[in-house]
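Comments concern the structure below.
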Amino acid sequence: MIEIAPLSVYLVIGRDDCVLSPIEVVKQALEAGVKTVQLREKKGNMKEIIEFGREIRQLTKEYNAQFFVNDRLDLAQILEADGIHIGQDDLPIEEIKKITSPTFKIGISARTVEEAIEAEKAGADYLGVGAIYSTATKQDAKTIGLEGLDSIRQNVYIPIIAIGGIQKEHIPDLVRSGADGIAVVSAITRSANPFLSAKELIEEWRRTKEGYRFK
């Protein structure tokens with residue numbers, strides 16, 4: 001059976017995203033087999049965010065999963081995260097590398113081939129590419145569709161994580177277009193059964209990759 005890489009199904013979570021207890025959502029997702037969790041909190045009380053982040057950090061250690069923080073390098077360092085995911089307008093990758101350890105991972109969002117190539121040259125570990133589909137959790141996100149994903153895939157070698165409105169039924173198309181993983185928010189956080197939803201995403205990813213392996 002094909003192994004599931006750490007970035008294959010990547011959970012992005014903020015407290016407002018969830019219909020159940022956010023920590024319970026994280027725990028169920030990890031229990032189902034998710035191996036990367038990203039904390040994405042854009043606003044709110046920093047003490048509460050740190051407390052929430054520390055609980056996620058502890059859970060990811062218990063489940064041998066990676067923990068990333070969105071945008072905030074200071075928060076990532078406080079929480080001893082494995083890495084950070086940044087946007088195009090955040091700290092440059094070169095500057096982050098100057099003050100972090102060689103093992104600290106850096107992912108960056110990219111919407112265009114030019115952004116992707118530049119990020120790869122700067123030393124990004126992976127790209128978050130999208131939004132592939134429209135999404136209720138980030139309504140201002142412009143979609144690039146499968147064509148945009150495919151174009152970026154043809155021009156870079158580092159792992160590409162597709163993001164934006166992704167559901168289980170999208171996985172075959174995303175794999176065909178070159179995604180190395182999927183980042184999801186509502187597909188797990190809005191589920192009444194996060195464990196089952198995460199498990200179904202992981203199994204669909206595994207089935208699709210297995211099918212490609214024997215073609």
Side-chain contact test, heavy atoms from C-beta onward, threshold under 4.5 Å: evaluate it for Ile78 versus Arg54 and give yes or no. yes

SB check Glu80 Arg57 (cutoff 4.0 Å): no

Please determine whether residues Ile56 and Phe195 belong to a single hydrophobic cluster, defined as Ile, Leu, Val, Met, Phe, Trp and Tyr linked transitively by side-chain heavy-atom distances below 4.5 Å. no

Check whether any side-chain heavy atom of Arg40 sits under 4.5 Å from a side-chain heavy atom of Asp71, and report yes or no. no

Nearest 0.5 Å, please: how far is CD in Glu55 from NZ in Lys27? 11.0 Å

Report yes if the side chains of Leu11 and Thr36 come closer than 4.5 Å at any heavy-atom pair, otherwise no. no

If we only count heavy atoms from C-beta on, is the Leu91 to Ile86 side-chain gap below 4.5 Å? no

Let's go through Val37 and Leu30 carefully: what are the C-alpha distance in whole Å and the side-chain angles of both, what is the deciding distance for side chain to side chain contact (heavy atoms under 4.5 Å, CB included) to 0.1 Å, and is it a yes or a no? CA-CA 9 Å; Val37 178; Leu30 292 168; 3.9 Å; yes

At their closest point, which heavy atom of Trp205 faces which heavy atom of Val175, and how far apart are they? CZ3-CG2, 3.7 Å

Between CD1 of Ile132 and OG of Ser177, what distance do you get to the nearest 0.5 Å? 8.0 Å

Leu7 side, atom CG; Ile161 side, atom CD1 - distance, nearest 0.5 Å: 4.5 Å

Please work out which of the three classes, parallel, tilted or perpendicular, describes the rings of Phe68 and Tyr10, given edges at 30° and 60°. tilted

Check the pair Glu95, Lys98 against salt bridge (charged side-chain N to carboxylate O under 4.0 Å, His left out), reporting the backbone distance first and the verdict last. CA-CA 5 Å; Glu95 299 301 324; Lys98 288 179 184 175; 3.2 Å; yes

Going by heavy atoms in the side chains, are Cys18 and Leu20 under 4.5 Å from each other? no

Side chain to side chain contact (heavy atoms under 4.5 Å, CB included) between Val12 and Val184, intermediate numbers included: CA-CA 6 Å; Val12 180; Val184 297; over 6 Å; no

Criterion side chain to side chain contact (heavy atoms under 4.5 Å, CB included) on Glu204 and Glu200, from CA distance to verdict: CA-CA 6 Å; Glu204 181 61 25; Glu200 288 179 345; over 6 Å; no

Rounded to the nearest 0.5 angstrom, the CD1-OG distance for Ile13 and Ser186 is 11.5 Å

Validation row: Leu75, Leu39 side chains within 4.5 angstrom (heavy atoms): yes

Could you report the tightest heavy-atom contact between Val34 and Ala198, atom names first, then the distance? CG2-CB, 4.1 Å

First locate atom CG of Asp125, then atom NE2 of His85, and finally report the distance between them rounded to the nearest 0.5 Å. 12.0 Å

Do NZ/NE/NH1/NH2 and the carboxylate oxygens of Glu94 and Lys97 come within less than 4.0 Å? no

Can you name the nearest heavy-atom pair linking Gln167 to Ala187, along with the distance? OE1-CB, 3.8 Å

Between Arg72 and Asp74, what is the shortest heavy-atom contact and its length? NH2-OD2, 2.7 Å

Counting only heavy atoms not in Asp89 (residues, nucleotides, ligands), do more than 12 fall under 6.0 Å from its CG? no

Under 4.5 Å between side-chain heavy atoms, counting indirect links through other Ile/Leu/Val/Met/Phe/Trp/Tyr residues: same cluster for Val26 and Leu196 or not? no

Do side-chain atoms of Asp90 reach the backbone of Gly87 as a donor and acceptor pair under 3.5 angstrom? yes

Asp16, CG: over 12 other non-hydrogen atoms inside 6.0 angstrom: no

For the student: nearest non-hydrogen atoms of Leu127 and Ala110, plus distance: CD2-CB, 4.3 Å

Are the side chains of Leu79 and Phe67 in contact, using a 4.5 Å heavy-atom criterion? yes

Hydrophobic clusters here meaning ILVMFWY residues chained together by side-chain heavy-atom distances under 4.5 Å, can you tell me if Ile188 and Tyr133 are in one? yes

Is it true that a side-chain atom of Thr189 and a backbone atom of Asp17 form a donor plus acceptor pair closer than 3.5 Å? yes

Under-4.0 Å salt bridge between Glu48 and Arg15: yes

For the side chain of Ser191 and the backbone of Asn193, is there at least one donor-acceptor N/O pair under 3.5 Å apart? yes

In terms of side-chain heavy atoms, does Glu120 have a donor or acceptor partner in Tyr157 at a distance below 3.5 Å? no

Could you go through the side chain to side chain contact (heavy atoms under 4.5 Å, CB included) check for Asp180 and Tyr126 one step at a time? CA-CA 10 Å; Asp180 298 292; Tyr126 73 92; over 6 Å; no

Taking side chain as C-beta onward, heavy atoms only, is Asn70 less than 4.5 Å from Lys42? yes

Determine whether a donor-acceptor pair (N or O, by modelled atom type, separation under 3.5 Å) exists between the side chain of Asn155 and the backbone of Ser151. yes

Interatomic distance, CD@Glu118 vs CD@Glu115, rounded to 0.5 Å, equals 8.0 Å

Count the heavy atoms belonging to other residues, nucleotides or ligands that lie under 6.0 Å from CD of Glu169, then report whether that count exceeds 12. yes

Hey, quick one: are Ile108 and Phe104 part of the same hydrophobic cluster, counting side-chain heavy atoms closer than 4.5 Å, chains of contacts allowed? yes

Kindly give the heavy-atom pair with the smallest separation between Ile93 and Gly123, and that separation in Å. CG2-C, 4.3 Å

